[in-house]
Novice: 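Take this structure, written in structure tokens, and hold onto it; I'll ask about it next.
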Amino acid sequence: MPKETKTRKVAKKETGGKRKKDPNAPKRGLSAYMFFANEQRDKVREDNPGIKFGEVGKLLGEKWKSLNEKQKTPYEAKAAADKKRYEEEKAAYTAGGDDDEEEED
DNA sequence: GAAGTGATTGTTACT
DNA sequence: AGTAACAATCACTTC
């Protein structure tokens with residue numbers, strides 16, 4: 001199996017591939033890892049001054065999983081909170097528009 | 001009703 | 001500006 005490199009966006013295709021990009025594209029919320037990385041990135045780099053992203057990334061992942069649900073809670077909580085944010089967009093997006101619509105193309 | 005799929009998020013460092 | 005491992009996600013799509 002090919003390692004979906006390139007943010008796997010480029011890999012999109014096959015298996016139907018119906019989902020197109022939306023005009024409003026209510027992006028989704030961030031994920032727990034994003035919040036986790038936001039905090040760790042500081043610490044990790046602090047313990048590993050001068051390390052590249054590859055090291056941080058892998059190291060981060062290791063620590064991330066090392067955490068107990070309890071530790072991930074705060075991150076998941078943020079992720080959930082961010083998800084809500086997305087709900088808004090999605091809602092507004094689904095609304096389609098009130099009176100005037102834009103982005104028609 | 002259940003299953004799957006794709007699209008997206010953010011970090012750092014480099015070209 | 002975009003890409004790369006790392007991980008989660010999870011809302012929408014389709015049958």
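No hydrogens, no waters, no symmetry mates; every other heavy atom, side chains included, goes into these values. In what follows, every chain begins at residue 1, and chains take the letters A, B, ... in the order their sequences are listed.
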Novice: How many Å lie between CD on A/Glu62 and P on B/dT11, as a whole number?
Specialist: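 A/Glu62 atom CD is separated from B/dT11 atom P by 21 Å.
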
Novice: What I want to find out is whether A/Glu88 reaches A/Arg85 closely enough, with some N-O distance under 4.0 Å, to be called a salt bridge.
Specialist: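 Answer for the salt bridge query: yes.
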
Novice: For A/Lys83 and C/dC10, is the shortest distance between a side-chain N/O and OP1 or OP2 below 4.0 Å?
Specialist: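 Checking A/Lys83 against C/dC10: no side-chain N or O falls below 4.0 Å of OP1 or OP2.
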
Novice: For DNA chain C, find the residues of residues 63-82 of chain A with a heavy-atom distance under 4.0 Å and give them by number; none if there aren't any.
Specialist: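 Heavy-atom cutoff 4.0 Å gives A/Trp64, A/Lys65, A/Glu76.
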
Novice: For the pair made of CZ in A/Arg85 and C1' in C/dC10, what is the distance, rounded to whole Å?
Specialist: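 Between C1' of C/dC10 and CZ of A/Arg85: 17 Å.
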
Novice: Say whether, by atom type as modelled, one donor and one acceptor occur between the side chain of A/Tyr33 and the main chain of A/Tyr75 under 3.5 angstrom.
Specialist: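 A pair under 3.5 Å: no.
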
Novice: Write down the atom of A/Ala79, the atom of A/Ala32, and the distance for their closest heavy-atom approach.
Specialist: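 Shortest heavy-atom contact: CB-N, 3.4 Å.
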
Novice: Among residues 33-55 of chain A, which contact DNA chain C at a heavy-atom distance under 4.0 Å?
Specialist: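 Output list: A/Tyr33, A/Met34, A/Phe53.
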
Novice: Quick one: CD on A/Glu69 to OG1 on A/Thr73, what's the gap to the nearest 0.5 Å?
Specialist: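 Here the interatomic distance stands at 7.5 Å.
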
Novice: Keeping A/Arg41 on the side-chain end and A/Asn38 on the backbone end, is there a donor-acceptor pair under 3.5 Å?
Specialist: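 Here the side-chain-to-backbone pair exists.
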
Novice: Residues two or more places apart in sequence or in another chain: which of them pass side-chain contact (heavy atoms from CB on, under 4.5 Å) with A/Asn48?
Specialist: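 If we apply the side-chain contact (heavy atoms from CB on, under 4.5 Å) test to A/Asn48, skipping adjacent residues, the hits are A/Val44, A/Ile51, A/Leu59.
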
Novice: Of A/Gly57 and A/Arg28, whose nearest nucleotide on DNA chain C comes first from the 5' end?
Specialist: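 First, find each residue's nearest nucleotide; the 5'-ward one identifies A/Gly57.
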
Novice: Tell me: NZ of A/Lys58 to P of B/dT12, nearest whole Å?
Specialist: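 Distance, rounded to whole Å: 18 Å.
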
Novice: Taking A/Leu60 as the starting point, is it possible to reach A/Phe53 by hopping between hydrophobic residues whose side chains are less than 4.5 Å apart?
Specialist: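 Unlinked, A/Phe53 and A/Leu60 end up in two clusters.
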
Novice: Scan A/Gln71, A/Lys72, A/Lys70 and name whichever one has a side-chain hydrogen bond (donor to acceptor under 3.5 Å, both in side chains) with A/Asn68.
Specialist: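 The side-chain hydrogen bond (donor to acceptor under 3.5 Å, both in side chains) with A/Asn68 is passed solely by A/Gln71 among A/Gln71, A/Lys72, A/Lys70.
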
Novice: Distance check needed: B/dT12 C1' versus A/Leu59 CG, whole Å only.
Specialist: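 Going from CG in A/Leu59 over to C1' in B/dT12 covers 13 Å.
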
